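Each remark here refers to the structure printed beneath this line.
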Amino acid sequence: MRRCVFFLAIALHAETGREAWLRYSRENPEAIPAVLATLGDSPVIVNARDEILRGIRGMAGKTLRLESAMPRENAIVLGTLPAFPNLSANLPDDAYWLKTVHSGNIDYTVVTATNDRGVLYGAFALLRKIALGQPVTNLDEQQTPYAPIRWVNQWDRLDGTIERGYGGRSIFWDEGRARGDLTRVRDYGRLLASLGINGCAINNVNADKRILSPDFFPQIASIAAALRPWGVKTVISVDFGSPKTIGGLNTFDPLDPLVAAWWKTKIDELYAAIPDLGGVVMKADSEGQVGPSAYKRTHADAANVVARALQPHGGMIFYRGFVYDHHMDWNNPKNDRARAAYDNFVDLDGKFDHNVVIQIKNGPIDFQVREPASPLFAALQKTNQAIELQITQEYMGQARHMVFLVPQWKETLDFDMGPAPVKRLVRGFIGVANVGLDDSWLGNHLSQANLYGFGRLAWNPDLTSRQIIDEWTQQTFSTGRKAVDAIAQMQLTSWRTYENYTGPLGLQTLTDIVGNHYGVAIEASERNGWGQWHRADEKGVGMDRTTATGTGYIGQYSPSVARMFESVATCPDDLLLFLHHVPYTYKLHSGKTVIQYIYDSHYEGAQAVEDYVRDWKSLQSQVDEQRFAEVSHQLEYQAGQAQVWRDAVNTWFWHTSGIADAKGRVGNYPGRIEAESMALDGYTIKLVTPWEGASGGKAIECANERCSASFRYEGDPGWHTIRVQYFDQSAGVSHFKLFVGSQMVDEWSADDRVPERRTKVDSSSSTRCTITGVALRKGDEIRIEGIPDGAEHAAIDYVEIR
Ligand code: GCW
């Protein structure tokens, strides 16, 4: 049975996406020597050798001859610096040097570094050059990674599920144990190494206490063994309450000598099993995780007790700055979650041991579509800090929406905090990656660009977004100009587009923050303790975070930044409602009112996604068949979702503000026929909550074996497109048939893979089927038949005819 996807024939061969940007498919690279010599035999160097072998075979169709000494002919030569007595350089760890060495009439392409990992990075860099069509004959290039710490975090649970993971189940864990088959972990190590990422936390920061029980140590060791040959250090997340929960002590007070001794013994045992463990990540006193507040101790006390146990082994602790109270009193206008990280940590500056790194999310709330840079970055001056960026798209469309995050990350990294831009204040880059077993790793081929971009930025944050996306496209899809330009245009505008149809002007992602963080639910953030408030009411909108009349959050920035944010005259429009409460009629710098901007941006955003569908379709001949079809499906779905968001947000603000759209679009949908207004046979009308999640606040549901809904077509005769907006929950696979008169023109199943907890009839499950080229005459009867399955009741929102 067909899914509702347009599927076009004739295309290039199929690819699954599993090779990501390491497909090595370019043809006819320039002259390549016939020999690959490897001076050294560590597992990391051997991987570097095998990668070059594989890459050249893929790109040139040639199998290099392997040698283990300097040959007397042109060759690629791999090894650390001591293997080349005539070469000297002062390279920090992980840096590499690509150098063409002429010796008589022989040319050696030398890939060297101080450490093995640097050689591996150099090998990937050489292959990237070839893949990008850059010259490799006269090389002299040294590259040093910007940040020494370039890690990813996985929020994988030991049962194999992933918190906020959209690419399938865990590659590390299954049913409470490390997987026996760690092939995908090795493949992941390879992807990470190709970007220069050197550490990976393998379990959720909401840590399962069992990870520190002895029977897990061999399991962690098996994962570490899979990552090690790629130069990726294994890291684990640990629970601060462990001394009590698994240690059997009656306390986890960090200042209790018994607790300190427990951590020391435990960490010693851990290092006995995994001698090169990178360290640990800790989330304490946050979202239900226990922490030092239980004993009125500080975060420095908590971090340092573990740091001291790690110190003899060279391990580090990444202590998360994401600490806030999620039971805050909503009625107190001075309360503000955005203040929390700074308020919790600023007085502790200088009190952390040298192997503690405070891991700080880019913004003060939680990976929203737009936030200012966290004020904590400038506040900590005597403390190591790392920036935490979220690759997995939790609030950013959960990989069902294309949102390329590099432009967002760069905006934060480049933001001048007063003392310096954020990127100069951090020595580590942490990306919450959450890849899974799906071939696409992240749930969407286009989302792979975020993992790629994270790694490239951690290596060099001065790369431009355009450079990054072009590199990525050329390696991942095609080197053709048309594809490169079209994909750049799509990806580079995708963040703004997503912001436009979700929450512009600093409103944050107007999503269901107490539920799945996916669908639209504008009031979900209000009247609760979670503190993601936007305080929209009938008079105005926005959080007053000024020092003059608001929560004082703006005062956490250095004077120059605070001055800019405090005054509405100088506050950037993009952050206006994050920092100020204004009436809907307030005029932005463009002269447009806030309310009209909300309306316009939502129409622009939804239209932009329709354009992406069109632009992607134009690439059919440039991209392999499978990925072309999968991305087509994803974008078509996204276009439907963008319209749901557009209508929900706009109607909500129209009802709340009482101010109509000056362009007359909101509440007026030409060609739309609400399901609840159709002639229903078996179907019953259902009120949808929140009401803005369905057009007209209502849908129809079928409680029988089959139901139908029909209406007469009253428009102009001719060829038309019919869009059926229906609900695809995860509870079953309903079936739909569309008839014009007595003729069935299409049928499809509601079997799209929807992420967990899309169980209700609401905006999260809302989706559409587009049927093009239908001939209609005035008076035609259009009928949809719905056949429910299990708990899924073939619900329908509306039909739109264009
Ligand atoms: O964004 C929130 C997520 C939680 C996550 C938490 C965190 C792992 O909704 O799922 O928990 O952030 O970063 O700790």
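Reckoned from all heavy atoms, side chains included, excluding hydrogens, waters and symmetry mates. In this chain, numbering begins with 1 at the start of the sequence shown. Whatever order the structure lists them in is the order used to number ligands and atoms, beginning at 1. Because the structure is predicted, anything quoted here is derived from the model rather than measured.
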- So, do W262 and F252 have ring centers that fall under 6.0 Å from each other? no
- Query: Is the distance between the ring centroids of F454 and Y452 under 6.0 Å?
  - Reply: no
- Task: Kindly assign one of parallel, tilted or perpendicular to the pair Y518 and Y637, based on the angle between their ring planes and the thresholds 30° and 60°.
- Result: parallel
- Message: Can you classify the ring geometry of H401 versus Y498 as parallel (below 30°), tilted (30 to 60°) or perpendicular (above 60°)?
- Response: perpendicular
Salt-bridge present ([X], [Y]; N to O < 4.0 Å):
| X | Y | value |
| --- | --- | --- |
| E163 | R157 | yes |
| R179 | D174 | yes |
| K334 | D544 | no |
| E371 | K361 | no |

Based purely on interatomic distance, does [X] place a nitrogen or oxygen under 3.5 Å from a nitrogen or oxygen of ligand 1?
| X | result |
| --- | --- |
| Y395 | no |
| R164 | yes |
| E394 | yes |
| D366 | yes |

- With heavy atoms under 4.0 Å as the rule, classify the contact between V432 and ligand 1 as side chain, backbone, both or neither. neither
To check your reading of the model: name the closest protein heavy atom to [atom], its residue, and the distance in Å.
| atom | answer |
| --- | --- |
| atom 12 (O) of ligand 1 | K361 NZ, 3.1 Å |
| atom 6 (C) of ligand 1 | E287 OE1, 3.2 Å |
| atom 8 (C) of ligand 1 | N206 ND2, 3.4 Å |
| atom 10 (O) of ligand 1 | E163 OE2, 2.4 Å |

- Message: Any heavy atom of Q390 closer to ligand 1 than 4.0 angstrom?
- Response: no
- Could you tell me whether the side chains of K283 and N206 share a donor-acceptor contact shorter than 3.5 Å?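 Yes - a donor-acceptor pair under 3.5 Å links their side chains.
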Give the numbers and elements of all ligand 1 atoms closer than 4.0 Å to a heavy atom of [X].
| X | answer |
| --- | --- |
| R320 | 7 (C), 13 (O), 14 (O) |
| F322 | 6 (C), 7 (C), 12 (O), 13 (O), 14 (O) |
| H517 | 9 (O) |
| N204 | 8 (C) |
| V205 | 8 (C), 14 (O) |

- Message: So F367 and N362, do their side chains get closer than 4.5 Å, heavy atoms only?
- Response: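 Result yes, sub-4.5 Å side-chain heavy-atom pair found.
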